[in-house]
Amino acid sequence: MTNQDIAKIFYNIAEILEIQGENPFKIRAYIKAAQTVESYTKELSEAQDIEQLKELPGIGEKIALKIKELVETGKLEMYERFKKSEVAPLIELLQVPGLGPKHVKLIYDKLGIKTIDQLEKAAKGGKLRNLPGLGEKTEQNILKGIDQERRHKERFPLGVILPKAESIVSQLKKVKEVKDISLGGSLRRMKETIGDVDILVSSSKAKIVSDAFVKLPEVQNILSEGITKSSVMTKDDFQMDLRVVKPESYGAALHYFTGSKAHNIRIRSMGVDRGLKINEYGVFKGKKSIAGKTEQEIFKSVGLPFIPPEIREDWGEIEAAQKRKLPHLIEQKDLKGDLHIHSNWTDGRSSIEDMALAAQKMGYLYMALCDHSPTIGITNGLTPERIEKRKKEIDKVNKILKGFVILNGAEVDIRSNGKMDFEDDILKELDIVVAAVHTKFTQPKDEMTKRIIGAIENPYVDIIAHPTGRLIGRRDPYEVDMDKLLDAAKANHKIMELNAYPDRLDLNDLHCRKAKEKGVKIAISTDSHWTEHLSWIRYGIATARRGWLEPEDVVNTLPLEKLLKLFR
Ligand code: DGT
Ligand code: CA
Ligand code: CA
């Protein structure tokens, strides 16, 4: 029973409770518990006792007992009962974006609809529009939602797959016949979504490695099994491909299976121009192998320096490599702080001090505390009085900390008319203002563009957070003219955020690249709501690298004094 398994059960319980019209506080409790469990870095199955579990934010006595039951028995009595309830099958319908529990229940009660296919048929037949409170527009939105849901289901978010794949790699590393091992494919290139997981091993005993692979506890069923090539489906429903090659071919195979396909085709044709044959076994001149052990050798055979995996997309990296103009891609160690951090002053789960200590542990010199402004409906949004009070707390913690500074900031909502959720006289007093859209995602493109430019033009706004509002696999970006946003940011010396929260990665890789070309600076920030989230910065760094960003493109590589000069 992994943390993910436990979280999934809690999410399901919350959804069933929602359809049953249960008390929102009870529902929130399960969602919070699920969020805590899924982002906790240690496996709960290894926790010693309940008292330990209760120390986690959002986990009380009752939930702790449920976790214990799950870990010890692999089951939860209450959930087993729930799964048999009449409304349990309706969870599937809740996956359709824009379709809430009330409507799901209504559609079921009136039309007996239980599956997405039935829902689609009913919507296409105009059968939903006459239900109370639905109408033709909702019917259209449901159809759009079904389409979104189907598109998103095909690929997995990087943040979901990477930790699972890494855990598998570390298990295989323990097999003594494994010499080298690496992730390949889109996962090694750190694409934001992953089709399947590719793992490459070098060994002179391929069969033993393949056997160990198909017997991993994560495997649900074996799709194909051979000595050097196997595929499995995991219990989490994603596919994993393993290739085992001889050590002398490892570099060639790693290059081939890292891709992208488009990049591979270019490299291979450069080989052809030089009379070389390049494939997953090596580089050949006639029958003679002239390279293959390392990736460096492969690139060298076509006159190129090493190209980092994240930019192997045939998006110009080969031309840049030919001219010896590859970017010096940013690395996590270049970062000096995190500019978007929440605390328990609004919807975060850790105290200011705990957040600061954890950020300092990451090796940072500063962090910007950006709790929420009031209107987005988060309980306890910052009021002017609470900003005053919080400032005193920040000052207090700043006095205790050595070599680390907390900036007094806020994540301020951009209202639908482009005005900020705080008056200028409040914004003026803050060290840093991060502005973000959290409501009315369906505004037409030109309105949304104007709305965000309104924030960019506010003299007290410093950073635009998660500029497209998408949630990977769940919500498409809102419609906005990115070119216009970037031009406005450039003209007003404003910074765009690359939000590293694994659900967001917003700006995305191509947006980052465009921002860099236009000379717009980026802040890579985690949007952490708990100390455990700070490590998610790796997904931001990965996306930045895919966007060709170098340390000088990213403002939080700057020491504090230089950073502060950028703000007003
Ligand atoms: P994914 O799984 O859809 O997220 O994307 P990838 O890039 O991981 O693609 P996948 O798993 O189909 O194949 C892994 C790598 O193998 C791919 O990045 C490049 C290489 N590869 C696969 N098929 C071909 C091919 O037909 N030609 C060439 N040159 N390389 C290929
Ligand atoms: Ca793949
Ligand atoms: Ca594959």
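Sequence positions, counted from 1, serve as the residue numbers for this chain. Ligands are counted one by one from 1 in listed order, and the atoms in each one are counted from 1 as well.
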Close N or O approach ([X], ligand 1; < 3.5 Å):
X: Thr193; result: no
X: Arg155; result: yes
X: Asp241; result: no
X: Ile194; result: no

Among Phe238, Tyr256, Phe257, the residue with a heavy atom nearest to atom 24 (C) of ligand 1 is Tyr256

Nearest heavy atom to atom 7 (O) of ligand 1: which of Arg188, Arg189, Lys261 does it belong to?
Arg189

Is ligand 1 under 4.0 Å from a heavy atom in the side chain of [X], in the backbone, in both, or in neither?
X: Arg268; answer: side chain
X: Thr258; answer: backbone
X: Asp196; answer: both

Distance only, no hydrogens: is a donor on one side chain within 3.5 Å (strictly under) of an acceptor on the other, for Asp506 and Asn499?
no

Are a donor atom and an acceptor atom from the side chains of His263 and Glu313 found within less than 3.5 Å of each other?
no

Please check atom 11 (O) of ligand 1 for a protein heavy-atom neighbour under 4.0 Å.
yes

Do any non-hydrogen protein atoms sit less than 4.0 Å from atom 14 (C) of ligand 1?
yes

At a cut-off of 3.0 Å, protein N/O/S around the Ca ion (ligand 3) gives Asp196 OD1, Asp196 OD2, Asp198 OD1, Asp241 OD2

Cation-pi check, Arg312 to Phe306: give yes when NZ or CZ is under 6.0 Å from the six-membered ring centre and within 45° of the ring axis, no otherwise.
yes

Does Arg470 make a cation-pi contact with Tyr478, if we ask for NZ or CZ under 6.0 Å from the ring centre and within 45° of the axis?
no

Salt bridge check: are [X] and [Y] linked by an N-O gap of less than 4.0 Å?
X: Lys323; Y: Glu319; result: no
X: Asp503; Y: Arg474; result: yes
X: Glu331; Y: Lys333; result: yes
X: Lys445; Y: Asp481; result: no
X: Arg545; Y: Glu310; result: yes
X: Arg189; Y: Asp314; result: no

